[in-house]
Amino acid sequence: MEFRRGSNDDGLDRRFWGRSQALWSAAKREGRYPSLPNDLLYLSHWFSSVKLTQNSVIMPDTHTLVNDFLNKLKKRKIEGSKATAKLTAELLRSVISQQRLPNTNQAGALIHAIKAIGEQLTTANPVEVAVGNIVRRVLHIIREEDVSLTTASIGGLSLQGLSDDEEDNPLVSAAAAAAAARTTLRPPSLQTLLEDMTPHSAATALHHSSSSAGDSEDKTKSTDKNSRSRKLKHNVIETVNELIQDIATCHEQIAEQAVEHIHHNEVILTLGSSGTVIEFLCAAKEKKRSFRVFVAEGAPRYQGHTLAKELVARGLQTTVITDSAVFAMISRVNMVIVGAHAVMANGGVIAPVGLNMVALAAQRHAVPFVVLAGIHKLCPLYPHNPEVLLNELKSPSELLDFGELSDCMDFGIGTGSPLLHVVNPAFDYVPPKLVSLFITDTGGHNPSYMYRLIADYYSADDLVLQQRPTS
Amino acid sequence: MDPRRAPRTVIDPKVRQVGFFAPPDRSQSVPLSQSSNSPSSPPLSDLSPSGNSLSPVMIPPPRHLSDLSSLPITAGLPPTRLSPPVHRFSGESVVPIGSYNPSEFASPSVGDLFEDKNARSPGPRRSRGGGGSAKIASSLPAGGFELPPEVKPKSLTTVSVVSNLRPNVTEKVGEKSIESQDGSGANSKQPLKEKTSKAERRALQEAQRAAKAAAKGGNGVANIKTGKANSVQKKDNASVAAPSEKRLADHKDKDRKKDAPHPRMQFDDATRVEKAKKRAIVKQTEVRNRVELFRHLPQYEHGTKLPHLEYKFFSLNSNSVHPAVYKVGLRYLAGDISGGNARCIAMLQAFQESIMEYSAPPERALNRDLTAKINSYISYLIECRPLSISMGSAIKFVKTRIANLPLTLSESEAKANLLSEINHFINEKIILADKVIVRHAVTKVRDGDILLTYGSSSAVEMILLHAHELGKQFRVVIVDSRPKLEGRLLLRRLVAKGVSCTYVHINATSYIMHEVTRVFLGASSVLANGTVYSRVGTACVAMVANACGVPVIVCCEAYKFHERVQLDSICCNELGDPDAISKVHGRKEVNHLMDIADNENLQLLNLTYDVTPSDYVSMIITDYGMIPPTSVPVIVRELRKEQIWSG
């Protein structure tokens, strides 16, 4: 392995690296490995990924961070897509900030590193698509920043050639050019669409631009190089910070639209619990709307009880019903408002278990089925057999106590196949035709429009996080 | 004449051929009607419907010769409306005793005879029993549902009645003029077909009544269905000698009054609730936060009065509720007995016990006093828990039998008669019916099937166990839901028998449904519009199955069929214990609602039943065979006929 002690890195990073390396070698000497075998596995993974990414180096303390997070994901310690998304974004931010970048093709190196981590994260909990979403978002951010930066530098160069007085203030002009580039790049034009849709052309374009940037870099001074690499990092971190901010405030942005959707004396049905739904309903309540909420309890997790408690505390008329009474009550309901676990590119929803039933009942009675989803829940993948592949079976103890039927289970012993199965899935797939409306923090959307929204947020290059093995 | 007539008459035999009626159905109808003629000795063995189900999907063999002879009349495109009635009846008299003759009353010639009369009685002509069923119980729905006339009744009559019809024809014709005077004006919109069937029914009833009156030497037994209505019965007793047309007129007025669906006790009507409370034995307390949408239903706290009532058991005075009935009521209240069949059988057995120990006071007639007694029992049972449809049907039966007891019988004979009748009902309508259903349904279980069932239905359980005993290889998916978790009990029983099971919660239905090949559901009742009134959650399961293209098979005994119609689960339902919602069995950590249960903003709704739309149901398996939900009204009508004739 080759570690390049780059002259352009500050001492802080070096210090960290040295210390953790020492710790690691000490641990190795004593045969004291990190406690979990999983860690080892990931270490080997990590090393291999480091070998693969010869140009990039991941700092070991980010590595421990990654491992912690991986463990949490594996053990399903993190609940809820919002929390997961936030943690993922924060993790990636720290990874980026401690990433040492080579002189050439910085963006490529960064993307490579993030992809490597993203791959591990998504395999740790493939069901929690929010992780993959955030990884892809960050990758997209890096790409965009890189593009805007190169256009800016090209612009800066051309400016340099034109007038000398711009030279003593290159940062300002570059930033202005970057901003301009960003604004020109963002709006959906046919060209950007084409670039998004054709990964090869986009990739070649990127490589071309970076290599051309590298060519141009050769002419500039080393200090300029230094500032450019820092600038990329800086910009990316800045945007990731914005993303984290977005995730944190998406509830409020969704809740702001509540008044537009809930009228006076409305009867709303919801199932289970979702933070977004609570905020949404409470926002309407705060605007002096009076309405009534039916809460299906959402067995076997009974999150509906928590939701009901919250709503009652805020002074909303709440009726708790069993899940089985959904069909009976839906005929008196004006709107179904639910949260989602993830929204797929086709407009289908991975939702807490039981919602497919609610959606079917709502469709039967022509009741609008509204899904609230923050942008971090938008997944750019198209689902295949999502009921099985994007699902997760929880512990049967939520349905039956261990040993509850042990007194009458003598039969299955001899035959080898167990007599009793207890199935406790965590999620349901609601097909797009059953969804009336998505409310995201950017407004309301039809299920058929989700693919477009997704094209705004993700780059087509990143849809597959798995890296092809290098020959 | 009316062009709509002809196709309809043709429809009848067609319907019967494509339907899944096992051919021996006809043999079933015969003993039934025989028993009607000799109610004191019901031929129990003859009645076994299980013997009828040789092959559930067999097309009935060609009809009886006499049927064939009459077929041209029914099936001929322009019905021979002009054929003289005399000819019709003369043809009828050739029919050997006990034969089944479906076209007998479908023949338009009879309708011709009374066509005029019918044109004048457009109102829904419920049988006189309307009054009786209305009296049954405040919570027993006795809606004035008029049977759709599309399908001709498969008559259950016997020749003895038919032959009695003949002398009555003249009477009828005379009556016609009187009827036309007090008739309520012709309603030309009424389809002609309907008129005919009404006319037939009326004619037959009249004929039967006349026959009975003649046979019993003026004992004047009321019309069968009337039995429950004391007032009507009184009238009958009083007017034995009176000309039948006058009686008929009286009845007509009564009918009209009772034609309006009897209002179930509406609990948003304060005055009536107050009245009911005064009479009540079980003084239930209202729940704190009533659900606004269900103000019309009783919303009581559950279980709070039980210890007190149990204590009261020892101080029962003989005038009030019989101890056996009291015990059953308490078990309903405590939830020990649940499920339509179990509740019905428990009630009937309690009635039997009370009848056994009953002796009529010297100054009163047995059947009147006993009816009053039974009525008081029933109102007590309703206080404990609203009646199920199955119980309503059984009560109707018991009351009919009591009212129809010949006055010539001594008390002990009458009691013995009643006891055997009730036994007979339990055996025939519930136990044997279940056996028939099992036989039919087992043919629908193939090797390798994955059968899904919801909750715990006694019929479905029997089917699964029987199929397992037959050695079929299948797996059962038991869907369960809170708060009753009845599926767990079923799971336990099935696993103990070695049936391999999968247990899921109702929310996971759509997950598991992709594997399932058939859905078997039980029902509390099947309503006349084909909707299935059943344990809450059944509709959800049926809906998901429908969405996944899995056939939904509902198993329900025919005595649970009801002529009421219902579109949603709100208007008529039963509310369970609200506290069962906030307490989660076996999950101590889920207690968010415990401390805020008194908050006025929080309501807990524990529905007991829901209504499954008929389009989710692929097939209903009943003791009459396997039918589509659209044929439910036929069975309802058939049943009512049976009651009329066998009473």
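Just so we're on the same page: letters track the sequence lines, and every chain starts at 1.
- For B:Val611, the part lying under 4.5 angstrom from a heavy atom of chain A is the backbone only.
- Heavy atoms closer than 4.5 Å to chain B are found nowhere in A:Leu311, neither backbone nor side chain.
- Interface remark: B:Leu567 contributes no atoms to any contact with chain A (heavy atom separation under 4.5 Å).
- Proximity to chain A involves both the backbone and the side chain of B:Ser500, based on heavy atoms less than 4.5 angstrom apart.
- Contact of A:Leu434 with chain B is not made at all, since no heavy-atom distance falls under 4.5 Å.
- Using a 4.5 Å cut-off between heavy atoms, A:Glu398 touches chain B through backbone and side chain atoms alike.
- In this structure, A:Leu420 CG and B:Tyr503 OH are separated by 10.0 Å, a value rounded to the nearest 0.5 Å.
- Residue with the most contacts toward chain B among A:Met329, A:Arg301, A:Arg332, A:Gln303: A:Arg332 (heavy-atom pairs, distance under 4.5 Å).
- Distance check, rounded to the nearest 0.5 Å: OG1 of A:Thr319 to CZ of B:Phe294 gives 9.5 Å.
- By number of non-hydrogen pairs under 4.5 angstrom with chain B, the leading residue of A:Val326, A:Leu316, A:Leu271 is A:Leu316.
- The main-chain N or O of A:Ala328 is never found under 3.5 Å from a side-chain atom of B:Asp610 such that the two would form a donor-acceptor pair.
- Note that the CD atom of A:Glu297 and the CZ atom of B:Arg482 stand 4.0 Å from one another [nearest 0.5 Å].
- Neither the backbone nor the side chain of A:Asn424 comes within contact range of chain B; no heavy atoms are under 4.5 Å apart.
- Only the side chain of A:Phe294 comes within contact range of chain B, with at least one heavy atom under 4.5 Å from a heavy atom of that chain.
- Heavy atoms closer than 4.5 Å to chain A are found in the side chain of B:Ile512, but not in its backbone.
- Scanning both residues, A:Thr322 and B:Pro483, for their nearest heavy atoms gives CG2-CD, 3.7 Å.
- Heavy-atom distances place no part of B:Arg535 under 4.5 Å from chain A, backbone and side chain included.
- For a residue to count as touching a neighbouring chain, one of its non-hydrogen atoms must lie under 4.5 Å from one of that chain's; by this rule B:Leu607 touches chain A with the side chain only.
- Using a cutoff of 4.0 Å between basic side-chain nitrogens and carboxylate oxygens, A:Asp401 and B:Arg488 are not scored as salt-bridged.
- Between A:Met357 and B:Ser510, the shortest heavy-atom distance links the atoms N-OG, 4.2 Å.
- When A:Ser331, A:Ala299, A:Ala296 are compared by the number of non-hydrogen pairs under 4.5 Å with chain B, A:Ala299 comes out ahead.
- Interface remark: B:Leu602 contributes backbone and side-chain atoms alike to the contact with chain A (heavy atom separation under 4.5 Å).
- In this structure, CG in A:Leu419 is found 13.0 Å from NZ in B:Lys497, a value given to the nearest 0.5 Å.
- Considering every non-hydrogen atom in both B:Asn601 and A:Gly315, the closest pair reads ND2-CA, 3.4 Å.
- Both the backbone and the side chain of A:Leu360 come within less than 4.5 Å of a heavy atom of chain B.
- When all heavy atoms are compared, the tightest approach of A:Asp428 to B:Asn507 is OD2-O, 3.9 Å.
- If you measure heavy-atom distances from B:Val477 to chain A, you find no contacts under 4.5 Å at all.
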